Amino acid sequence: MDDLLLKILPGIFVAIFSSWLSAQWALRKFYSEKWWDRRERAYAEIVNALYDLVRYFSVHKEDYGHGTGYSIDKESELYQNYEKSYWALKKATDIGSFYISTKAQATLTELRERERLDFENNPPWDVYEQEFKYHQDSLNKFIAIAKSDLRENKA
């Protein structure tokens, strides 16, 4: 009986230990993938917000006091997207460092803290032109950073 127990006990111990290790590895992999999905979603939301802002400024920078040429419904949609994107970008700038890299965070902070033209002393098309350029440059930088960051952290 003792002989049988000595032969079976090590096998049982190895099976339990390897099962425990496998479970730990699977959980770690699960959480890592979940974290990566969250990062990817955060980057995608910020890119979409920047894109909507660029689109809004692109339309308005061509308006030299004669209207944008779009219907009232389309202009309303553009403005609603602008507002939603503005607040999404503001939120991402404030709390984005939880999911995005420090370089990406710095790009958003730089965009927010830049010097701006004001509507009182400048024609609106100049203000929109400057906003368009800043947001377009930030979008291009942010996409490059996001690609690099997500490619590095995929593994």
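In what follows, every heavy atom counts, from backbone to side chain, and hydrogens, waters and symmetry copies are set aside. These figures come from a predicted structure and were not determined experimentally.
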Any donor and acceptor pair, going by atom type alone, linking the side chain of [X] with main-chain N or O of [Y] inside 3.5 Å?
X	Y	answer
Ser58	Val54	no
Gln105	Ile100	no
Asp126	Asn122	no
Ser19	Ala15	yes
Ser148	Ala144	no

Asp52 side chain near Lys84 side chain, heavy-atom distance below 4.5 Å: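 Of all side-chain heavy-atom pairs linking Lys84 with Asp52, none is under 4.5 Å.
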Could you tell me whether the side chain of Phe57 reaches within less than 4.5 Å of the side chain of His135, counting heavy atoms only?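 When only atoms from C-beta onward are counted, Phe57 and His135 do touch, with a gap below 4.5 Å.
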Roughly how far, to the nearest 0.5 Å, is the [atom2] atom of [Y] from the [atom1] atom of [X]?
X	Y	atom1	atom2	value
Lys61	Tyr128	NZ	OH	13.5 Å
Ser85	Asn48	OG	CG	8.0 Å
Ile46	Ser138	CD1	OG	12.0 Å
Leu111	Leu139	CG	CG	10.0 Å

Name of the residue among Tyr82, Tyr51, Tyr86 meeting ring-ring contact (aromatic ring centres under 6.0 Å, His included) with Tyr56: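 Testing Tyr56 for a ring-ring contact (aromatic ring centres under 6.0 Å, His included) against Tyr82, Tyr51, Tyr86 leaves exactly one candidate, Tyr82.
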Candidate pair Arg39 and Asp149, rule salt bridge (charged side-chain N to carboxylate O under 4.0 Å, His left out), full reasoning: CA-CA 9 Å; Arg39 290 186 79 153; Asp149 190 35; 2.4 Å; yes
According to a hydrophobic-cluster definition based on side-chain heavy atoms being under 4.5 Å apart (Ile, Leu, Val, Met, Phe, Trp, Tyr only), do [X] and [Y] belong together?
X	Y	result
Val47	Leu108	yes
Trp20	Ile12	no
Leu78	Trp87	yes

Step by step, work out the side chain to side chain contact (heavy atoms under 4.5 Å, CB included) result for Arg116 and Glu131. CA-CA 8 Å; Arg116 295 184 176 134; Glu131 292 297 311; 3.8 Å; yes
Side chains of Asn121 and Asp118: is there a donor and an acceptor less than 3.5 Å apart?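 Yes, Asp118 and Asn121 have a side-chain donor paired with an acceptor closer than 3.5 Å.
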Is it true that Glu75 and Tyr79 share a donor-acceptor pair across their side chains at a distance under 3.5 Å?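 No, no side-chain donor-acceptor contact under 3.5 Å.
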Between Tyr43 and Phe142, does the side chain to side chain contact (heavy atoms under 4.5 Å, CB included) criterion hold? Intermediate values first, please. CA-CA 9 Å; Tyr43 277 115; Phe142 195 84; 3.5 Å; yes
Within the supplied structure, the quantity of interest is the number of heavy atoms (other residues, nucleotides, ligands) at a distance under 6.0 Å from Leu21 CG; does it exceed 12?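 Check passes, neighbour count above 12.
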Any chance you could lay out the side chain to side chain contact (heavy atoms under 4.5 Å, CB included) test for Glu110 and Arg114, step after step, and finish with the verdict? CA-CA 6 Å; Glu110 179 183 319; Arg114 74 193 182 288; 5.9 Å; no
Run the numbers on Ile145 and Ser101 for side chain to side chain contact (heavy atoms under 4.5 Å, CB included), then give the verdict. CA-CA 8 Å; Ile145 292 167; Ser101 71; 3.6 Å; yes
Using the salt bridge (charged side-chain N to carboxylate O under 4.0 Å, His left out) rule, take Asp94 and Arg112 through it: C-alpha gap first, then chi angles, then the decisive distance, then the call. CA-CA 10 Å; Asp94 292 338; Arg112 179 171 55 187; 2.6 Å; yes
